Amino acid sequence: MSAKLPLEFVVDAVCPVTGARAGRIITQHGEIPTPVFMPVGTQATVKAMAPFELEEIGAKIILSNTYHLHLRPGGELVRAAGGLHNFMRWDHPILTDSGGFQVFSLASLGRISDEGVVCKSHLDGSTHVMSPEWSMETQLHLGSDIAMCFDQCAPYPCSREEAEEAVRRTTLWAGRSLDAHSRGIEEAPHQALFGIVQGSVHEDLRLRSAAELIPLDFPGYAVGGLSVGEPAEEMYRILDVLNPVLPATKPRYLMGVGRPDNLVEGVARGVDMFDCVLPTRNGRNGTLLTPEGAMNIKKKQYERDFSPVDTECDCYACRTFTRAYLRHLYRAGEILAMRLCSWHNLRYLVRLGERMRAAILEGTFPEFRREFHARFRAPEAS
RNA sequence: GGUGGGAUGGCCGAGUGGUCAAAGGCAGCAGACUGUAAAUCUGCCGACACCGUCUACGAAGGUUCGAAUCCUUCUCCCACCA
């Protein structure tokens with residue numbers, strides 16, 4: 001099935017109890033069944049994983065990052081390489097983040113105004129100007145299937161004024177993003193642009209943000225500015241508020257969320273797409289996702305544990321190796337430890353998406369959700 | 001046989017009279033990580049009755065109010081000379 005528009009979204013089933021959706025996002029690089037977890041490949045690579053391994057894992061779409069690729073190797077170079085798909089040899093859908101998150105995560109290096117962000121490169125200190133127009137031009141050069149609006153992500157906690165300012169600016173920038181994207185679209189006619197709702201943990205600001213963006217008729221809507229340190233309950237409350245107002249016919253993307261329990265609760269609140277660095281970062285740091293919660297493979301208790309990480313997991317690491325071996329590899333500083341732990345964590349989350357989709361299609365999502373939480377030990381709230 | 005250098009907490013290695021239970025690194029143990037400045041960061045790391053006491057800087061003895069630090073002897077290691 002090929003998309004006539006840059007992107008189409010088909011809803012296959014909706015859970016009558018929760019509103020959880022099973023759907024398909026159809027792009028020119030392939031179809032993405034939802035709910036979906038998207039591995040993050042900031043620098044045109046999912047750290048420690050080769051593209052064929054991501055295919056083996058079942059990843060249907062990956063992320064990359066406009067800011068990081070702009071600094072190195074540069075959007076123009078990627079365009080000269082035949083676009084990001086060809087450059088990194090991933091012939092499936094790609095979503096690029098706009099650089100908006102770096103305005104937040106690298107705030108100490110930059111100065112923000114309505115015009116955009118002037119910031120110092122974290123690589124060499126050189127000065128760069130980021131704006132909606134810059135972000136759109138760069139993302140069109142990259143040629144991703146889904147581009148994101150340049151937005152402002154407020155920190156948590158922040159004052160109401162600060163959150164309100166971020167909403168106002170995000171709306172302003174969404175309009176400029178859309179204009180710039182429309183002007184340049186012939187460079188990447190397959191590219192869809194998603195809007196991003198901000199508003200921190202304030203329900204009225206979230207509703208305002210959504211109300212201001214919906215008329216722009218983006219083909220998909222993201223919820224940004226969550227999972228930045230707020231308690232999970234706050235995140236769920238905001239999703240509850242947005243669920244009824246975001247267009248039901250368009251995919252919804254909860255940005256930056258990757259804790260398994262957050263994924264399940266997000267889906268229960270109508271979210272279709274997630275991305276997170278957690279499986280790869282935690283994988284490199286020796287923390288593994290299991291149905292019981294996080295497990296740290298470095299711990300002494302696994303020294304002589306010759307069972308797999310997760311007996312229910314079908315990933316290469318769990319099919320093949322023992323906890324004792326992974327612990328040994330990690331302690332020995334071997335690259336394979338990071339690869340296998342990332343491999344497992346990615347498969348765990350991709351499979352979690354697959355399982356939720358199957359449950360929604362079968363009409364058993366409420367049971368799935370209940371059974372998931374009965375086993376999963378969430379980390380203590382900080 | 002002679003001369004010189006050295007022996008410090010599991011390992012490496014600072015420290016040359018008090019502010020030393022002894023820097024730093026490694027190893028070890030535990031914790032964190034949510035649109036990636038992260039193969040990173042944080043804490044603990046002599047014993048215990050743990051805001052205190054005890055045992056500790058090769059061994060034994062000595063000087064001193066006070067020694068890992070100064071003196072004597074011994075043991076072992078390294079370098080060079082014979």
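Because the structure is predicted, anything quoted here is derived from the model rather than measured. Residue numbers begin at 1 in each chain, while the letters A, B, ... track the order of the sequences.
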Backbone of S121(A) reached by a side-chain donor or acceptor of S126(A) within 3.5 Å: no

Pairing partner of U53(B) (Watson-Crick or G-U wobble, both distances under 3.5 Å): A47(B)

RNA chain B: 5'-proximal contact among Q152(A) and K299(A) (nearest heavy atom): K299(A)

Same-atom distance (P) from A30(B) to C45(B), integer angstrom: 15 Å

Sugar-phosphate only, base, or nothing, as touched by E334(A) at under 4.0 Å among non-hydrogen atoms: nothing

Sugar-phosphate, base or nothing in reach of S121(A), heavy atoms under 4.0 Å: nothing

Heavy-atom donor-acceptor pair, N65(A) side-chain to G35(B) base, under 3.5 Å: no

Any S227(A) side-chain nitrogen or oxygen under 4.0 Å from OP1 or OP2 of U34(B): no

Contact state string [nucleotides 37-45 of chain B, B base, S sugar-phosphate only, - no protein heavy atom under 4.0 Å]: BBBB-----

Charged N-O contact under 4.0 Å between E265(A) and R269(A): yes

Base partner of U69(B), which must satisfy Watson-Crick or wobble distances under 3.5 Å: none

Any strand: nucleotide that pairs with A7(B) via Watson-Crick or wobble, under 3.5 Å: U75(B)

Paired nucleotide for G17(B) [Watson-Crick or G-U wobble; both distances under 3.5 Å]: none

Watson-Crick or G-U counterpart of U36(B), or none if no pair lies under 3.5 Å: none

